[in-house]
Structure formats: structure tokens, C-alpha cells
Amino acid sequence: MNDIIFILGEWPVRVVDALIGFGALVLILLVVIAVVIARSGRRGAQLAMANAIRADELEERLSEVLRAQSESSGRVDAMTQALAGRQAEMARAVNERLDSVTHRVGQSMEHSTRNTMESLRALHERLGIIDSAHKNLTDLTTQVTTLRDVLANKQSRGAFGQARMEAIVQDGLPKGAYEFQFTLSTGKRPDCVVFLPDQRPLCIDAKFPLEAMTALHDARTDEERRIATQRLRGDVMKHVSDIAEKYLVAGETQEMALMFVPSESVYAEIHDGFDDVIQKAYRARVVLVSPSLLMLAIQVMQQIMKDARMRDAAGQIRTEVIKLGDDLGRLRDRVLKLQKHFADVNEDVRQVLISADKIEKRAGRIEELDFSKSDTPEAPRLVATAAPELFPRKLQAGE
């Protein structure tokens, strides 16, 4: 036991010393191992306690998530009900607006149709009046060809011409615009005068050279025809001269007078075969007119009088035109409002379709949620190298 095993420096190491040193070393190792084991146990207890705390926190958070999901489900249901009510209300409003617009459009179309029918009825009535007048004129033209047999003397011819002229004037002019057998300042009395807007009368005198025309038609030889032609030309020029001398008074009457020939056929014969007589009458400021031309001249005079009255009432017409412009402006504003109503209805329908699409998408997202998994959280596994994660993955929006 006291044998020296080796010498450490100057200190001899014996067997006893070696055993004592080895025992001390073993004891120290045992103490170190005990300390390490104690520390490991305490760290394990702390780790277990931390894991338990984390498990409690995870369970509490999962319960909060479930509660939030239930609240979200309630809110989604409430929002779905609110959107359904809003959609029904909006549909009712759209239907009411469409009904109102349809009613207004129907009233407008009915009013337009009624006005159109009234205008067409008035047009048919006027066309009937024109047809009747044309028929009467045709009948009168066919009857005038028998004047030679009917009017055998001058008095009858004069009465016939006067009657035809009076009928045409009375039919075409209002009372007060003309006068028969009016006496001029010279004492002469034309068959008829028409008072134009300047209050100077236009003289009309009826002449019927039927005898000379009959002689011309009955002529058989060139000499007879020449004599009848000269007689007709002389008779017509005499009538023209008499009218120019008697009924053209400077400053009192119009500068032109009318010579009325009651027969269309006689007038046509004079106009076609005696152009020189017509030109001389024009230069003498006397115009030959047939019944149809006198009717046309009377219509022109009536239009001249109407234009004069319109000029006199220009202020009133201007006021009425301004009012008409205001009515047109109001009509345009109402049409624009109607157009805006149509645009609003289209925009409301578009918004309703957008809301319906959003509701459909949200309903699809709600249907995609899966609530069939168990709500019991799994026990966390202890990992020595790293602490466990609080959530296994990041929650996405909408989950």
C-alpha cells in the first residue's frame, strides 16, 4: 500500500494516495452528477409548467376565435336579412318608378294620338270643302257655255255678270271690306270696290261683250270674220277706256282697276286671240279677269288684308310667340326630367345587380367555411430543442 507508483515532480505518489485521490475524484463526480440531475428536474418542471400555461392560453384563444366566429355568423345572418329587406324595398321602389314612368308615357302618347286625330279630322273636313268647291267650279264652267241661249239681251247679261261678281266677292271677303255701287268723288259708281289696307278702293266693273263674240263665232267668210274681229276688239277697248276714265281717280282709287268678264270661254277667246287688246289694257292699267282669276285675286286681297291685320297686331303676336317659346322651354325641361328619371331607373337597376352579385359572392364564401372539425384543441407536443408554436399556421382573411 505504501509502494510508490510514480513520482509527480518531487512528490512521490503511493498506492494509498492514488486510491484516496481516485475516491475523491469519484465523489466529486457524483456531486456534479447530482447537481446536474437536480437542475435538470427543476428545468423540466419549469418547462412543463410553461407548456401548461401555453396550453391554457391556446385554449382561451381558441374559445375566443370560436366566439368571434359565432358572432360573425350572427352578424352575417343579420346582414343577410337586412340586405334581403333592402333588396325587397329597392325592388318595390323600382317597380313604383317604372309604373309612374309607364303611366306618364301612356298619358303623353294618348294626348299625342288625340291631337293627331283632331288634326286629321280637320284636314279631312277642309279637303271635303275644297273638293266641293272644285266640283261647283266645274259645274259652273260647263254651264257658262250656254250663255248665248240664256242671255239674249244686255240687261240680262249685265244682271248675270253683276250677280256672279257679287257672289265671288261675298264668298271671298268679309263684310266691310267691299261695297257694291260705291259712289266716287267724281260721282261715278263702279259695280264693286274693295277697300285695301291703305283704304283706297280697288274698282271692279263687269263687262260682257257677248254680241261681238257671238258674231265672231257665227262668221262664215273671212270678211265676216274680219269685221267681227274688229267689232270685238273695238268693244273690249271701249270698255277698257270707259273703266280707265271713270274709275281710275288719282289719289283716291288704286292705280289699277279690274274688268270682270263673267264667262271663262269668252275670256279665254279674248286672251288667246287678242293679245294686243290685253297688252293695251295693261298699259291703260286695266286688268281683264275671268271668274276663276277674280276668285284668285279676291284670295290675294284677303291675304293682303290678313297680313295688314297681322302687322297691326305684331305686338300681340310677338307676346304670344314669346309665350309659345316659354311653353316649348318648359316642355324641354319636362322631357329632360323624364330622361333623367329613366337614367335614375337604369342606375338603380345597375346598383341592384351589383348588390346581388356581391351577396351571391359573400354567400359563396360563407358556404366555403368548414365548421365540421372538432373544437377540442390537441395537446401540444414537447420539443426539447425549440418552444412550440402558438398557432400552427397563419389565419387567412375570411377563415
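These numbers were taken from a predicted model, which means no experiment stands behind them. Numbers for residues simply follow the sequence, beginning at 1. Just so you know, these numbers use all the heavy atoms, side chains as well, and skip hydrogens, waters and symmetry mates.
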K.L.:
Does one side chain, of Q299 or Q303, offer a donor that lies under 3.5 Å from an acceptor on the other?
P.N.:
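No, no side-chain donor-acceptor contact under 3.5 Å.
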K.L.:
With a 4.5 Å heavy-atom cut-off, do M259 and D242 have their side chains touching?
P.N.:
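No. Closest side-chain heavy atoms not under 4.5 Å.
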K.L.:
What distance do Q81 atom CD and D77 atom CG have between them, rounded to the nearest 0.5 Å?
P.N.:
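Reported value, rounded in 0.5 Å steps: 6.5 Å.
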K.L.:
Kindly indicate whether the side chain of L184, heavy atoms from C-beta on, has any atom under 4.5 Å from the side chain of P190.
P.N.:
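Yes, side chains in contact.
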K.L.:
Which pairs with one or both residues in residues 267-282 pass salt bridge (charged side-chain N to carboxylate O under 4.0 Å, His left out), sequence neighbours excluded?
P.N.:
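Found R233-D276.
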K.L.:
Search all heavy atoms of P262 against all heavy atoms of P291 and return the closest pair with its distance.
P.N.:
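Scanning both residues, the minimum pair turns out to be O-CG, 3.2 Å.
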K.L.:
More than 12 foreign heavy atoms under 6.0 Å from CG of D131: is that the case here?
P.N.:
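Atom CG in D131 is crowded, with more than 12 foreign heavy atoms closer than 6.0 Å.
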K.L.:
For a quick test of reading the model, state the closest non-hydrogen atom pair linking V240 to A284 and the distance between them.
P.N.:
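That closest heavy-atom pairing would be CG1-CB, 4.0 Å.
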K.L.:
Look up atom CG in D307 and atom CD in Q302, then write down how far apart they are to the nearest 0.5 Å.
P.N.:
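So the gap between those two atoms works out to 10.5 Å.
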K.L.:
Would the number of heavy atoms belonging to other residues, nucleotides or ligands and lying under 6.0 Å from CZ of R332 be above 12?
P.N.:
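Counting neighbours around CZ of R332, 12 or fewer heavy atoms of other residues, nucleotides or ligands fall under 6.0 Å, so no.
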K.L.:
Please check if the number of heavy atoms outside R362 that lie under 6.0 Å from its CZ is greater than 12.
P.N.:
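12 or below, so no.
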K.L.:
How long is the gap from CG on L331 to CG on D326, to the nearest 0.5 Å?
P.N.:
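One gets 12.5 Å once the value is rounded to the nearest 0.5 Å.
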K.L.:
So does V105 get a backbone contact from the side chain of S108, meaning a donor-acceptor N/O pair under 3.5 Å?
P.N.:
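Checked: no pair found.
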K.L.:
Take atom CD in Q339; do more than 12 heavy atoms of anything else shown fall under 6.0 Å from it?
P.N.:
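No - once you tally the heavy atoms of other residues, nucleotides and ligands closer than 6.0 Å, there are 12 at most.
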K.L.:
Is there a salt bridge (Lys or Arg N to Asp or Glu O under 4.0 Å) between R330 and D333 once you walk through the steps?
P.N.:
CA-CA 5 Å; R330 284 191 291 270; D333 294 338; over 6 Å; no
K.L.:
Looking at CE of M90 and OG of S355, how far apart are the two atoms once the value is rounded to the nearest 0.5 Å?
P.N.:
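Nearest 0.5 Å value for the CE-OG distance: 5.5 Å.
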K.L.:
Closest approach of T253 and Y247, non-hydrogen atoms and distance?
P.N.:
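Nearest pair, atom of T253 first, then Y247: OG1-O, 3.4 Å.
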K.L.:
Grab the two heavy atoms, one from T229 and one from F274, that are nearest each other, plus how far apart they are.
P.N.:
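Residues T229 and F274, closest heavy atoms: CG2-CE2, 3.1 Å.
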K.L.:
Under a single-linkage definition using a 4.5 Å side-chain heavy-atom cutoff for Ile, Leu, Val, Met, Phe, Trp and Tyr, are M256 and V193 assigned to the same hydrophobic cluster?
P.N.:
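Yes: a chain of side-chain contacts under 4.5 Å links M256 to V193.
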K.L.:
Can you tell me if R97 uses its side chain to pair, donor with acceptor, with the backbone of V345 under 3.5 Å?
P.N.:
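Not a single qualifying donor-acceptor pair exists.
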K.L.:
Any chance CD of Q107 has more than 12 other-residue heavy atoms, nucleotides or ligands included, within less than 6.0 Å?
P.N.:
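For Q107, atom CD is crowded (more than 12 foreign heavy atoms under 6.0 Å).
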K.L.:
Distance-only, no hydrogens or angles: does the S119 side chain make a donor-acceptor pair with backbone N or O of N115 under 3.5 Å?
P.N.:
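A pair under 3.5 Å: yes.
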K.L.:
Apply side chain to side chain contact (heavy atoms under 4.5 Å, CB included) to residues V194 and L258 and explain how you reach the verdict.
P.N.:
CA-CA 11 Å; V194 178; L258 300 182; over 6 Å; no
K.L.:
Could you check whether any side-chain heavy atom of Q162 comes within less than 4.5 Å of a side-chain heavy atom of Q181, counting everything from C-beta outward?
P.N.:
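Yes, close enough: below the 4.5 Å cut-off.
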K.L.:
So, for L248 and Q254, which heavy atoms are closest and what is the spacing to 0.1 Å?
P.N.:
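For L248 and Q254, the tightest heavy-atom pair comes out as CD2-O, 3.6 Å.
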K.L.:
Looking only at atom types and distance, does a side-chain atom of D205 sit under 3.5 Å from a main-chain N or O of I243, one as donor and one as acceptor?
P.N.:
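Not a single qualifying donor-acceptor pair exists.
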K.L.:
So with a 6.0 Å cut-off around CZ of R334, is the heavy-atom count from everything else above 12?
P.N.:
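No, because the 6.0 Å sphere around CZ of R334 holds 12 heavy atoms or fewer from other groups.
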K.L.:
Is there a chain of hydrophobic side chains (I, L, V, M, F, W, Y, each step under 4.5 Å between heavy atoms) that links M79 to I359?
P.N.:
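Yes, because M79 and I359 connect within a single hydrophobic cluster, where side-chain heavy atoms sit under 4.5 Å apart.
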K.L.:
Rounded to the nearest 0.5 Å, what separation is found between the CE atom of M305 and the CG atom of L173?
P.N.:
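M305 CE to L173 CG: 5.0 Å, rounded to 0.5 Å.
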K.L.:
Give, for atom CD of Q170 and atom CD1 of I298, the distance between the pair rounded to the nearest 0.5 Å.
P.N.:
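Nearest 0.5 Å value for the CD-CD1 distance: 11.0 Å.
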K.L.:
Are L353 and V94 co-members of a hydrophobic cluster defined by side-chain heavy atoms under 4.5 Å apart?
P.N.:
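Yes.
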K.L.:
Does S100 use its side chain to pair, donor to acceptor, with the backbone of E96 at less than 3.5 Å?
P.N.:
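No, the answer is negative, given that no donor and acceptor are paired below the 3.5 Å cut-off.
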K.L.:
Membership question, hydrophobic clusters at under 4.5 Å side-chain separation (ILVMFWY): are Y282 and F260 in the same one?
P.N.:
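Yes, one cluster joins them.
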K.L.:
Does a salt bridge link E64 with R61, judged by any charged N lying under 4.0 Å from a carboxylate O?
P.N.:
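Here E64 does not pair with R61 in a salt bridge, since their nearest N and O are not under 4.0 Å apart.
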K.L.:
Decide yes or no for I227 and R231: does some side-chain heavy atom of the first lie under 4.5 Å from some side-chain heavy atom of the second?
P.N.:
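No - every pair of side-chain heavy atoms lies 4.5 Å or more apart.
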K.L.:
Answer yes or no: is there a side-chain heavy-atom contact under 4.5 Å between E347 and R350?
P.N.:
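When only atoms from C-beta onward are counted, R350 and E347 do touch, with a gap below 4.5 Å.
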K.L.:
Please step through side chain to side chain contact (heavy atoms under 4.5 Å, CB included) for the pair T186 and K246, ending with a clear verdict.
P.N.:
CA-CA 8 Å; T186 58; K246 295 178 181 179; over 6 Å; no
K.L.:
Do R283 and Q279 have side chains that approach each other closer than 4.5 Å (heavy atoms only, starting at C-beta)?
P.N.:
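They are in contact (side-chain heavy atoms under 4.5 Å apart), so the answer is yes.
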K.L.:
Look at K361 together with D357 and state whether they make a salt bridge at an N to O cut-off of under 4.0 Å.
P.N.:
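D357 and K361: not salt-bridged.
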K.L.:
Mind checking whether L293 and Y178 sit in one hydrophobic cluster, side chains of I, L, V, M, F, W, Y counted as touching below 4.5 Å?
P.N.:
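Yes, one cluster joins them.
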K.L.:
What are the two closest heavy atoms between G176 and F195, and how far apart are they?
P.N.:
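Looks like O-CD1, 4.0 Å.
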K.L.:
Tell me the ring-ring contact (aromatic ring centres under 6.0 Å, His included) pairs involving residues 93-139, sequence neighbours left out?
P.N.:
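Counting only pairs at least two positions apart or across chains, no ring-ring contact (aromatic ring centres under 6.0 Å, His included) contact touches residues 93-139.
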K.L.:
Taking atom types as modelled, is there a side-chain donor on S292 or E264 under 3.5 Å from an acceptor on the other?
P.N.:
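Their side chains do contain a donor-acceptor pair, which is all the 3.5 Å distance test asks for.
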K.L.:
Show your reasoning for whether salt bridge (Lys or Arg N to Asp or Glu O under 4.0 Å) applies to E57 and R54.
P.N.:
CA-CA 5 Å; E57 291 178 354; R54 290 179 180 178; over 6 Å; no
K.L.:
Start with the C-alpha gap between R114 and E110, add the side-chain angles, then the distance that decides, and say whether side chain to side chain contact (heavy atoms under 4.5 Å, CB included) holds.
P.N.:
CA-CA 6 Å; R114 185 167 58 253; E110 182 179 358; 3.9 Å; yes
K.L.:
Does the side chain of F180 come within less than 4.5 Å of D191's, by heavy atoms?
P.N.:
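A side-chain contact under 4.5 Å is absent here.
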